[in-house]
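Ligands are counted one by one from 1 in listed order, and the atoms in each one are counted from 1 as well.
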Amino acid sequence: MIEYENLGLLNKSFFEAYRKSFDSTLESGWYILGNKVRDFESAFGEYHSAKHCIGLASGLDALILALRAFEFEPGSEVIVPSNTYIATILSIIHCGLKPVLVEPDIRTYNIDPTKIEEKINPKTKAIMIVHLYGKSCEMDPILKIKNKYSLKLIEDCAQSHGATYKGKLTGTFGEFGAFSFYPTKNLGALGDAGALLTNDDQLALTIKRLRNYGSDIKYYNELVGFNSRLDEVQAGFLSIKLKSLNNINSHKNKLADIYLKSLNKNFILPTIDKDYFDVFHIFAIRHEKREKLKEYLLRHDIKTEIHYPVAPHNQKAMQGIIEEKDFPISELIHKTELSLPISYFHTEDDICKVVEVLNKF
Ligand SMILES: *Cc1c(COP(=O)(O)O)cnc(C)c1O
């Protein structure tokens, strides 16, 4: 059986270091906002050459706090891709703002920059982009639009740790880079965790307050805050794994290369472009008979996933919130996408086996 993901195997090479780190936190008696969080924040910030990194409780919280920091008027509009995981859109709704969905480019699956401007009006305050599957969005035209209309830019980097566009890391283009360290992500913790990157001192202070009941000095509350702190145990694990992030990404690239070089023309493969370093959080192929293909692979002991089966605008939870229903490109992706095994624990042999089976479909 070739599994799609196995978190125990994925983390196996880190077990010893994790145990040491856990023991040191346990014995320190300091479990919230201590040295381990500070160390991870400075290491993750340095990795990105970002001035500030603020550790948070989850990726969703990172997106929510980023939006909160701007104090947009209720009902303000935020541009967001129609093809994303629901969390991106939920963050906008939870802040009392209106998500305005924009279709993806069918070649990259990321927001189509040529379709953003038609959705902008005086109520538009921000663009929240998603670097989906581990590929950066096309940043040049997006930055041009951001500047032309003076919009804030928040990057959802939950799937793009270490991905670059023209040599620049995702998470460093906008006012905020928002990260999730959910266990399956390229940089994953052993529980929930997230972070924001920013180069703006004032925004960084606001996020530090928002994550801690609105306070940066104990018992003095400047803002109506939340409890969204990264904890010491997870921060310790993340600092250890961060040292291997580039290895994890290059391993995934090696596996992706096998798929890209060996899969036959039956399948629509990810687009590769020299301006992009992709980190393949997900290796997404497309096929008209996706369900049959998934069953066929399972019959041959290969597990796959679908990211995602239902487009956000068709989710029950979005009834009465997202009124527009005309997103045929997103729907096509959600109908035809299949995610192939590409975890850190998979070997080149595993991938060659998957290719062999796939090419006989
Ligand atoms: C995982 C993910 C999130 C949410 O992160 P959590 O840490 O689970 O809250 C947000 N956006 C995208 C694109 C994701 O893949």
Side-chain angles (χ1 to χ4, degrees), residues 4-5 7 10 40 44 53-68 78-95 99 101-102 104 108-111 126-137 153-163 170-171 173-174 176-197 207 210-211 226-231 233-235 237-238 241 249 252 278-284 305-313 315 317-318 330 333-334 337 339 342-343:
Y4 180 75
E5 185 59 281
L7 294 172
L10 187 161
F40 173 68
F44 198 64
C53 170
I54 304 102
L56 301 167
S58 72
L60 175 61
D61 276 8
L63 295 167
I64 291 174
L65 297 199
L67 285 170
R68 285 274 173 170
V78 178
I79 302 276
V80 67
S82 56
N83 181 46
T84 184
Y85 179 58
I86 195 83
T88 325
I89 294 169
L90 288 178
S91 73
I92 299 168
I93 295 165
H94 284 312
C95 290
L101 277 53
V102 172
T108 64
Y109 309 132
N110 280 326
I111 194 165
I127 308 178
M128 186 177 262
I129 55 171
V130 183
H131 307 295
L132 202 70
Y133 301 155
K135 179 194 277 304
S136 171
C137 294
L153 177 66
I154 300 164
E155 302 171 66
D156 182 340
C157 307
Q159 303 190 2
S160 72
H161 315 72
T170 58
F173 290 93
F176 283 117
F179 289 83
S180 162
F181 307 117
Y182 182 79
T184 60
K185 312 290 187 183
N186 285 32
L187 179 60
L190 303 187
D192 280 310
L196 279 169
L197 297 179
I207 298 300
L210 285 175
R211 79 170 167 187
F226 301 82
N227 175 354
S228 180
R229 298 171 299 223
L230 174 62
D231 72 71
V233 173
Q234 298 303 336
F237 298 151
L238 285 167
K241 202 186 251 179
N249 288 342
K252 280 169 164 269
D278 302 334
V279 296
F280 295 101
H281 172 60
I282 285 165
F283 192 91
E305 289 284 340
I306 294 169
H307 297 96
Y308 299 90
V310 182
H313 66 277
Q315 295 284 359
M318 293 299 124
S330 281
I333 295 168
H334 289 82
E337 192 275 347
S339 305
I342 190 156
S343 178

Original post:
Can an N or O of Gln159 be found at a distance shorter than 3.5 Å from an N or O of ligand 1?
Top reply: yes
Subject >> Nearest neighbour in protein (non-hydrogen) for atom 13 (C) of ligand 1 >> reply: Asp156 OD2, 3.5 Å
Subject >> Identity and distance of the protein heavy atom lying nearest atom 9 (O) of ligand 1 >> reply: Leu60 N, 2.8 Å
Subject >> Polar atom proximity, Ser180 to ligand 1 (N or O, under 3.5 Å) >> reply: yes
**OP:** For atom 4 (C) of ligand 1, find the nearest protein heavy atom and state the residue, atom name and distance (0.1 Å precision).
**Re:** Ala87 CB, 3.8 Å
Original post:
Nearest protein heavy atom to atom 14 (C) of ligand 1, by residue and atom, and its distance?
Top reply: Lys185 NZ, 3.1 Å
Original post:
Which bit of Asp61 is near ligand 1, meaning a heavy atom under 4.0 Å away: side chain, backbone, both or neither?
Top reply: neither
Subject >> Which of the ligand 1 atoms, numbered from 1, are nearer than 4.0 Å to a heavy atom of Val130 >> reply: 13 (C)
Original post:
Looking at the rings of Phe237 and Phe181, which for Trp means the six-membered one, are their centres under 6.0 Å apart?
Top reply: no
Subject >> Taking every non-hydrogen atom, the tightest pair across Pro81 and Ile89 >> reply: O-CD1, 4.2 Å
**OP:** Please confirm whether Tyr182 and Tyr85 have ring centers closer than 6.0 angstrom.
**Re:** no
Original post:
Under 3.5 Å, is there a donor-acceptor pair between the side chain of Asn110 and the main chain of Leu132?
Top reply: yes
Original post:
Are His307 and Tyr133 an aromatic pair by the rule of ring centers under 6.0 Å?
Top reply: no
Subject >> Backbone N/O of Ala193 and side chain of Ser58: donor-acceptor pair under 3.5 Å >> reply: no
